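A quick write-up on the structure given underneath.
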Amino acid sequence: VSYSSDVLIVGAGIGGLSLALRLAAKGYRVRIIQQREPARVYRPEIIQPAGLLAYEELGLLSNLMARRAARVNLFHFHRIGGDRLCRVDYRLLHHPHPYALITLPHQTRRVLMDGLGRYPAVTIHWDAEFRDVLRRGSRVVGVKAVEHDREQEFCAAVTVGSDGSKSRLRDALGIGCRLKRYANGFLSVLVKSIHAHGEDGMPHVRYYLGEGEILGIFPTSSTTLCLLYMVPTLHLDTLNGERLAEVKQRIASIEPWLNGSLNAPGAWERQSRLAPVQARVSSWAVDGAALIGDAAHACHPHIAQGSFQAMEDGRILADVLDGCFAKGDFSARALAPYEETRRPVIERLQRLANEYAWLWETKNPLLVRLRDWVFRNIGNSPRLLYKVAATEAGIDSRPLTVVDRLQALGICA
Ligand SMILES: Cc1cc2nc3c(=O)[nH]c(=O)nc-3n(C[C@H](O)[C@H](O)[C@H](O)COP(=O)(O)OP(=O)(O)OC[C@H]3O[C@@H](n4cnc5c(N)ncnc54)[C@H](O)[C@@H]3O)c2cc1C
């Protein structure tokens, strides 16, 4: 059997599903292939204000708001064993949605899949794993995949790789990729708790920063919290038994009110171990194919915008594809405006995320003092606080200016 469609998408993550929605709304026939469902990931999925706008544009905001999630507008940064360093307040943002929604990744995926239910022209092939690309001359014309143990051909005018940071499609396309692995990863645990609220009765996010130590506490519904605790990547897979008990104790010593939740029966059953990577690829498009989301540009999660940026790729690529279909031209040159629009934004975010990882995670005592100093300076400057909130919220992608940096360092007022 061979299947055909206008667009073939490899990977039904946030990027692939949201692109399918945009293309279906324009009237294209879309197929998505998705390998056997991976294990459920327990980690906070922060949907930034700009991301909320993207869901609104797709007509899915009310569905998203109806999911188990926490609406958060305050992000506190504390020194472990010390005082508060600064507080980022989304309520100050000039934006229709001045708050973030925090949920779990499977919830957002569900919302997009429900949205796709409106479009019979989209077919998702579950349990279909990408194996190789099909070419005519140098042009990609589809892929080979194994669906329920049988090899099938999926042909399309254009193929989109949305298969995540370790993209096999990217390799098969011969696109060069520098994959940066970070020294630290995260143990993420979902616990039951009703103590996440701040003095205003709303759930807040809390980051605790120490010397080479980070604990993040994220409400993910009115009764659950996701705890992210930084762990050297090398130890992520072997963190069991006594060492896990030590981590539990350590978290409880940073925030004693978590003790009950951490020691409740079954509290550690819903956990994931996550090793962030950054992907920098030589090209986002070749003749007949393009990459989106983590396949094109995985980014360190300290900026918490990976899913939103994958959706943004879909928004721009869908418009560029309109032009390609109009001309019947799916060459790398015809697809180039997609990369030209998106790459500069993404490279700025990747640089910023690396700066965050370097400064937030440092164990060098001098750098720790510098970091705390920078956080306090930001906290004392309404202008910088706005800039930081707008950047995190995904609504201002301009880089920090020299003046911003000098002000954060306390060198100028
Ligand atoms: C610790 C951590 C915290 C994060 N927090 C946030 C956050 O708060 N907010 C946010 O916006 N982002 C966050 N991110 C980033 C976010 O997870 C990613 O950027 C986002 O999931 C990228 O979506 P994607 O669709 O490009 O890729 P993915 O979500 O990786 O989806 C790829 C899909 O392709 C499928 N696939 C892979 N290979 C094949 C194959 N051979 N054949 C068929 N299918 C295949 C996979 O099974 C998967 O379904 C975080 C990341 C980490 C590591």
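Counting starts at 1 for both ligands and their atoms, in listed order. Side chains included, hydrogens not; waters and symmetry mates left out as well; all remaining heavy atoms used. Remember, predicted model here, so these are calculated numbers, not experimental data.
- By the criterion of a heavy-atom distance under 4.0 Å, both the backbone and the side chain of A304 are placed next to ligand 1.
- Atom CG of D319 sits in a crowded spot, with more than 12 heavy atoms from other residues, nucleotides or ligands closer than 6.0 Å.
- Annotation for ligand 1: atoms under 4.0 Å from non-hydrogen atoms of F308 are 11 (O).
- Protein heavy atom at the shortest distance from atom 43 (C) of ligand 1 is Q35 N, 3.2 Å.
- The aromatic ring centroids of F308 and Y55 lie 6.0 Å or more from each other.
- Neither side chain, R43 nor S188, offers a donor N or O lying under 3.5 Å from an acceptor on the other.
- Compare Q309, R43, R36 by their heavy atoms: the one nearest to atom 16 (C) of ligand 1 is in R43.
- For K166, the NZ atom sits in a loose shell: 12 or fewer heavy atoms of surrounding residues, nucleotides or ligands are nearer than 6.0 Å.
- Counting only N and O atoms by type, the side chains of N364 and T362 include no donor and acceptor under 3.5 Å apart.
- Looking at F130 against ligand 1, both its backbone and its side chain come within 4.0 Å, counting heavy atoms.
- With ligand atoms numbered from 1 in the order given, ligand 1 contributes 25 (O), 32 (C), 33 (C), 34 (O) to contacts under 4.0 Å with heavy atoms of S162.
- In terms of protein heavy-atom proximity, atom 46 (C) of ligand 1 is closest to Q34 NE2, 3.7 Å.
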